[in-house]
There are 2 protein chains.
Amino acid sequence: MAHPAARTRSLREDCLREALAIIDEAGVEGLSLREVARRLGVSHQAPYKHFPSRDHLLAEVVRRAFAAFARHLDDRPRGENPADDLAALGRAYLAYAREHPLPYRLMFGTPLPDPAHHPEMMRSARHAFALLRDCLDRMGADGSKGVPSEATDLDALFVWSAVHGLASILQTGALSTLGLPPAVLASSPSHTLLRIGAALGAEGDPGDGQSGNDQPL
Amino acid sequence: MAHPAARTRSLREDCLREALAIIDEAGVEGLSLREVARRLGVSHQAPYKHFPSRDHLLAEVVRRAFAAFARHLDDRPRGENPADDLAALGRAYLAYAREHPLPYRLMFGTPLPDPAHHPEMMRSARHAFALLRDCLDRMGADGSKGVPSEATDLDALFVWSAVHGLASILQTGALSTLGLPPAVLASSPSHTLLRIGAALGAEGDPGDGQSGNDQPL
DNA sequence: GCTGGATGTTGACAGTGTCAACCGGGGCCG
DNA sequence: CGGCCCCGGTTGACACTGTCAACATCCAGC
């Protein structure tokens with residue numbers, strides 16, 4: 001198989017791999033098509049045969065990051081009841097951020113190409129959010145199942161805000177400039193998940209009187 | 001250049017003002033010292049007499065954004081009791097993000113120059129965080145006042161995560177790609193603050209001996 | 001065999017940050 | 001007063017970037 005196709009595809013894949021390596025070493029800012037080409041030993045225009053522009057290359061890298069992220073969330077150990085499952089989702093989210101800082105920062109911590117121009121980029125992102133919404137929907141398992149209500153959307157947004165906010169704060173190194181002790185840093189994920197659980201379990205909305213459910217995360 | 005020396009002293013300020021305008025129009029990526037110089041009608045090297053590098057100019061712009069932000073939080077209407085004050089702080093935070101999207105995005109939504117190289121940049125950021133910590137410290141007004149404990153740090157981090165996460169999500173336009181209804185968008189800030197209050201109010205003291213918590217992600 | 005499209009190459013152009021050299025003028029000091 | 005030097009400004013260069021255009025292959029399908 002002197003695969004014509006295999007060869008052609010290889011440069012495209014090589015570009016993506018090399019791009020990730022460059023971003024790892026030099027940050028998104030350091031990514032340049034010419035550097036990619038140089039490292040791969042091809043001419044500075046070769047990558048243009050596979051990506052219309054630098055942003056298209058970056059968008060594809062990001063798209064794959066989102067896809068891998070969504071897959072990671074999909075593959076989480078499912079919790080028994082909805083509350084446990086939400087906790088599992090939160091742990092999976094933070095674990096991914098911790099174990100794959102590079103793709104995570106790519107998704108949430110760097111300036112992305114305009115999503116309007118790269119629609120495919122956010123497909124998996126939407127899927128990941130849907131996971132969260134479904135999980136919350138099952139949690140408030142009253143009549144309105146199947147159709148995520150506005151209340152569910154709001155809670156999903158809240159949970160996502162808290163988890164995403166923590167993950168991004170932990171990553172930007174903002175903490176080092178804030179001078180927080182390492183112990184705080186270490187236990188902040190579990191503490192945040194605990195607080196989220198409290199927020200969702202404690203109160204309730206006026207309608208559902210089942211206040212007994214305060215399973216901590 | 002026929003202009004006398006009257007203006008010369010203000011070139012530094014002019015650069016900063018013009019830089020902000022450029023960032024407003026073209027984003028941080030569009031900021032270039034040459035463009036600043038061009039707009040001000042000076043040579044492309046003139047700004048270098050006031051800023052050692054492009055990043056130093058950007059760092060100063062960001063520093064002022066943080067300073068204005070901290071000032072805005074300082075000037076918030078103080079709440080009666082600590083809980084109300086926390087809510088006021090949250091509202092002030094989100095209001096600033098909404099009313100001054102440009103500086104806000106500058107602080108939290110764009111790649112900043114390495115804080116290690118620009119220490120002054122984060123000074124006001126630390127001050128803003130201290131405000132939050134103090135507020136929470138007064139809230140859990142048991143004996144340990146004055147010395148923010150680890151628990152206070154953790155809660156401060158949680159609150160900041162949630163608020164910052166929401167603000168940044170609202171700004172990046174990630175929501176538009178998620179297809180959430182506008183009504184959800186509109187009420188998300190107040191809902192998030194509500195949930196935060198619930199999380200903190202639900203249980204004052206979880207008897208948390210969980211400082212040695214090391215594997216919980 | 002010829003054609004055509006995918007792939008890769010070289011060459012150019014405008015734009016960027018930044019270093020180096022030069023230069024006018026005003027304050028300071030001998 | 002004369003000389004000096006530094007401050008703020010200038011011009012000129014260099015290396016780097018993305019991207020357009022034209023040219024060279026090679027392989028598939030008619």
Side-chain angles (χ1 to χ4, degrees), chain A residues 1-62 110-114 117-118 121, chain B residues 1-62 110-114 117-118 121:
Chain A
M1 329 174 216
H3 327 71
R7 179 128 172 266
T8 80
R9 178 116 92 228
S10 88
L11 180 57
R12 185 185 158 90
E13 291 303 313
D14 287 351
C15 283
L16 290 167
R17 185 167 32 77
E18 211 61 39
L20 205 57
I22 292 174
I23 292 173
D24 190 18
E25 297 169 19
V28 184
E29 302 306 314
L31 174 63
S32 91
L33 281 189
R34 290 179 108 105
E35 177 66 16
V36 168
R38 208 171 296 129
R39 289 188 183 213
L40 294 176
V42 297
S43 79
H44 68 264
Q45 275 290 4
Y48 273 86
K49 301 298 172 174
H50 301 272
F51 305 94
S53 82
R54 171 192 182 274
D55 275 3
H56 282 79
L57 167 61
L58 181 56
E60 174 63 11
V61 172
V62 171
T110 62
L112 299 185
D114 186 354
H117 293 165
H118 307 272
M121 193 175 62
Chain B
M1 33 194 66
H3 293 208
R7 252 186 171 279
T8 63
R9 208 70 216 111
S10 66
L11 181 59
R12 183 186 159 90
E13 290 303 313
D14 287 350
C15 283
L16 290 167
R17 185 166 31 76
E18 209 60 40
L20 205 56
I22 291 175
I23 292 173
D24 190 19
E25 298 170 18
V28 185
E29 303 305 316
L31 173 63
S32 90
L33 281 189
R34 290 178 108 105
E35 177 67 15
V36 169
R38 208 172 295 129
R39 289 188 183 212
L40 294 176
V42 296
S43 80
H44 68 265
Q45 275 290 6
Y48 273 86
K49 300 300 171 175
H50 301 271
F51 304 95
S53 82
R54 172 191 181 275
D55 275 4
H56 283 79
L57 167 60
L58 181 56
E60 175 62 12
V61 172
V62 171
T110 60
L112 299 185
D114 185 354
H117 293 165
H118 307 272
M121 193 175 61

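All values reported here derive from a predicted model rather than from experimental measurement. Chain A is the first sequence line, chain B the second, and so forth, proteins listed ahead of strands; every chain is numbered from 1.
- In this structure, A:R34 reaches the bases: a heavy-atom distance under 4.0 Å links it to at least one base atom across the strands shown.
- What separates CG of A:D14 from P of C:dG8 is a distance of 10 Å, to the nearest Å.
- Remark: side-chain polar atoms of B:S10 are not paired, donor with acceptor, to backbone N or O of B:E13 under 3.5 angstrom.
- In this structure, CG of B:L58 is placed 17 Å from C1' of C:dT18, rounded to the nearest angstrom.
- To the nearest 0.5 Å, the span separating CZ on A:R39 from CD on A:E18 amounts to 5.5 Å.
- Using a 4.0 Å heavy-atom criterion, one finds that A:S43 contacts the bases of the nucleic acid, with or without backbone contacts as well.
- The side chain of A:H44 contributes no N or O atom lying less than 4.0 Å from OP1 or OP2 of D:dT19.
- The A:A46 side chain lies nearest to C:dT9 when the options are C:dT16, D:dT17, C:dT9.
- Taking atom CZ of residue B:F51 and atom C1' of nucleotide D:dG9, one finds them 15 Å apart after rounding to whole Å.
- When the P atom of C:dT18 is taken as reference, atom CZ of B:R54 falls 8 Å away, rounded to whole Å.
- Nearest-nucleotide positions on DNA chain C place A:G41 closer to the 5' end than the other of A:G41 and B:S32.
- Residues B:K49 and B:P52 both approach DNA chain C. Their nearest nucleotides, taken by heavy-atom distance, put B:P52 toward the 5′ side.
- Protein atom NE2 of B:H50 is 16 Å distant from nucleotide atom P of C:dT18, rounded to whole Å.
- Checked options B:L58, B:L16, B:V36; the residue passing with B:F51 is B:L16 (criterion: side chain to side chain contact (heavy atoms under 4.5 Å, CB included)).
- Following rounding to the nearest Å, B:Y48 (OH) and D:dT11 (P) show an atom-to-atom distance of 16 Å.
- At least one donor-acceptor pair under 3.5 Å links the side chain of A:R12 to the backbone N or O of A:H50.
- A salt bridge does not link A:E35 with A:R54: none of the charged nitrogens is closer than 4.0 Å to a carboxylate oxygen.
- The distance from atom CG of A:L33 to atom P of C:dG8 is 14 Å, rounded to the nearest whole Å.
- Atom CZ of A:R38 and atom P of C:dG8 are 18 Å apart (whole Å).
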